[in-house]
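To keep things clear, I will list the structure first and then write my remarks on it.
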Amino acid sequence: MCGAHPSGIVSVLAVAGVVGSLMQTLVVPLVGELPRLLDADAADTSWVITVTLLVGAVATPVVGKLGDLYGKRRMMLACSAPLVAGSVACALAGSLIPMIAGRGLQGVGVGMIPLGVSALRDLLPPQRVGPAIALMSSSMGIGGALGLPIAAAVAEYADWRMLFWGSAALGLVVALLIWLLVPATPVHGRGRLDAGGALGLGVGLVCLLLDVSKGAEWVWTSGTTLGLLGAAVVVLLLWGLWELRVRDPLVDLRTTARPQVLLTNVASVLVGFAMYAQSLVVMQILQLPEATGYGLGQSMPAAGLWLAPSGLMMMAVSGLGARLSAARGPRTSLFAGALVIAVGYGSAFALMGAPWGLMVAGSVGNIGVGLAYGAMPALIMGAVPQRETASANSFNTLMRSIGTSVSAAVVGVVLSQMTVTVGGHVLPSESGFRTALLVGCGVALVAALVTLALPRRAAEPPLPAPAARQDTAVLPSPAAWPGAASRPAGAAAGPARIGYEELGPWRDAFRSPAPAQGAAEPSEDAELTRLRAEIAELRAENGELRRELDVLMRGVSAWVQNLAGRPTDRPG
């Protein structure tokens, strides 16, 4: 495993991401049949979908933190175990409770996606990280887009249990590939899992996501809905206070509050909203009967096939997004992605009269999603220490999930309020679909505006540090240090080991490793001297910043003690 090829690592992790995201759309074709198959009413069988969302949202930040503490490869293998067990439980289920339990276990598999993205930083040479991040991030859309037509075809032409036996087999294959081809990742995190923080975040997210996903069914103004919303607000506020006080927080809120991380997470919520809103609208228009005058009368398998190219566009655009990020930075890629999503909504508004038109609109929108999703991890990892990459990426994935949940609720409200009656059935009206498209377009434009507020010097991810259980990295050879030749020479030489804080941003994270033809290579000694000089300068600046920060924190501590009225700071 030590000599695993980078392409093999990227391929395996991308497949793991596809399988993890596939679990979310696996049962969509069965929704109408679940009451008959499980001998339960429709309201209860809706939990077969809801529980996967809830478990995935709660498990993702916890799994990310464990990845930082115990190794990302180890936790990816751990995530594959409940995915396989849950798939087997669903395949054998004959009633509702075992099916819900199995679907909950499948939801843990979603955690493989942020773990895989974070592992790329540890396992690949710097020049390969950017394209690999873009491809890995696009796996979320690929799994959803391909999973829908495949699941629909299996559900229509074979035994529905084959869906779950197939997902169990995929989970085993992914686990085997990770075991054989993905090297062990270094452990950078310190401390232990914040059990109190995990419990608080879990309770708060369950209350929030239940309220969002079930609000329309329970009535938005009911006591249950309002009570869950109030509980979510209170619990999440208390959780935030806990995280600020605990020594080893589940989510470092101080890091999350940095402008680059905070604004990227806000943009993630908005992009997740825009992505899911379009898929909801397009899928319903494709399947509504032609008698409505705007429905296209497609079967579930046919509708899935019409939308499959849009998912593949996310994979196709990943290389373009990597090159754009190399030339202009991931901030530009995120901005361009949000604008392209808005263009996709505009084309759906104009082309919703034909299946091919919705296929084109969906493809344009997913090009934007691919650009945006590829840029988000780069922005996050460029602003957090190496020991927090998995937990920070997991929190970013959680923000996307919240965006999709809110999107489902908002689109559901719009379509339920703007209806027509056709053949005795109440259906969403054409104006309702157009309103939902306008809402999604507006959210995408807001995401673009949020991106403009990101710091212009969007730091690319720091150079991977392979050292385990510490925040230091062995100084790489000059040839492996990107951008070394462009840096100014200094006067002093520094030590050969450097800390995370002293690693400057590296410019070639998204570039091709091929060297320019005929370029003269500087001597190794000259480059090494230049690098050591810059490290010494950065060490000096870092020491000065640490001293200033220490003075500031002492002042803040004294102010807080005075505010609390502690006698230790008062005379007499």
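- V63 approaches M75 most closely through the heavy-atom pair O-CG, 4.3 Å.
- Take I49 and apply the side chain to side chain contact (heavy atoms under 4.5 Å, CB included) test, not counting sequence neighbours, and it matches V27, V31.
- Contact annotation: the side chain of M352 never approaches that of V281 to less than 4.5 Å [non-hydrogen atoms, C-beta and beyond].
- Pairs of residues two or more places apart, or lying in two chains, that qualify as side-chain hydrogen bond (donor to acceptor under 3.5 Å, both in side chains) and include a residue from residues 237-246 are D194-W242.
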What donor-acceptor contacts under 3.5 angstrom involve side-chain atoms of residues 198-208, with partners at least two apart or in another chain?
none

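- Checking side-chain atoms of T404 against main-chain N and O of S401 turns up a donor-acceptor pair under 3.5 Å.
- In this structure, the side chain of T292 engages the main chain of P289 through a donor-acceptor pair within 3.5 Å.
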Run the side-chain donor-acceptor check on residues 440-450: report pairs under 3.5 Å with partners two or more places apart or on a different chain.
none

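- At a threshold of 4.5 Å between non-hydrogen side-chain atoms, the residues W306 and L358 do not count as touching.
- Counting only distance, with no hydrogens or angles, the side chain of S279 and the backbone of Y276 share a donor-acceptor pair below 3.5 Å.
- Residues that satisfy the side chain to side chain contact (heavy atoms under 4.5 Å, CB included) test with I100, not counting sequence neighbours, are W47, V48, V51, L96.
- A donor-acceptor pair under 3.5 Å is formed between the side chain of R161 and the backbone N or O of A93.
- Under the 4.5 Å side-chain criterion, counting only non-hydrogen atoms from C-beta, F395 is not in contact with E388.
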Item to complete: Could you walk me through whether L263 and T451 pass the side chain to side chain contact (heavy atoms under 4.5 Å, CB included) test, one step at a time?
Response: CA-CA 7 Å; L263 293 174; T451 304; over 6 Å; no

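- Under the rule for a salt bridge (Lys or Arg N to Asp or Glu O under 4.0 Å), the partners of R36 that lie at least two apart in sequence or sit in another chain are E33.
- Between the side chain of S118 and the main chain of T389, a donor-acceptor pair closer than 3.5 Å is present.
- Identified under the side-chain hydrogen bond (donor to acceptor under 3.5 Å, both in side chains) test for residues 435-448, with sequence neighbours left out: none.
- Residues R400 and M275 form no side-chain contact, since every pair of their non-hydrogen atoms from C-beta on lies 4.5 Å or further apart.
- You'll find the side chain of V343 stays beyond 4.5 Å of the side chain of L339, heavy atoms only.
- Residues L286 and P355 form a side-chain contact, since some pair of their non-hydrogen atoms from C-beta on lies under 4.5 Å apart.
- Every side chain to side chain contact (heavy atoms under 4.5 Å, CB included) that S222 has, sequence neighbours left out, goes to W218, V219, T224, T225.
- Screening residues 346-359 for side-chain hydrogen bond (donor to acceptor under 3.5 Å, both in side chains), with sequence neighbours left out, gives no hits.
- Here the side chain of Y345 pairs a donor or acceptor atom with the backbone of A274 at under 3.5 angstrom.
- Looking only at side-chain heavy atoms (C-beta outward), V410 and F273 come within less than 4.5 Å of each other.
- Side-chain atoms of S407 never come within 3.5 Å of backbone atoms of G403 as a donor-acceptor pair (strictly under, hydrogens ignored).
- Side chains of R103 and L26 form a contact here, defined as non-hydrogen atoms less than 4.5 Å apart.
- The side chain to side chain donor-acceptor pair (under 3.5 Å) search around S394 returns none, not counting sequence neighbours.
- Within the 3.5 Å criterion, the main-chain N or O of D44 finds a donor-acceptor partner in the side chain of D41.
- With sequence neighbours excluded, the residues forming a side chain to side chain contact (heavy atoms under 4.5 Å, CB included) with L53 are S405, listed by chain and number.
- Residue pairs that meet the side-chain hydrogen bond (donor to acceptor under 3.5 Å, both in side chains) test with at least one member in residues 200-213, sequence neighbours left out, do not exist here.
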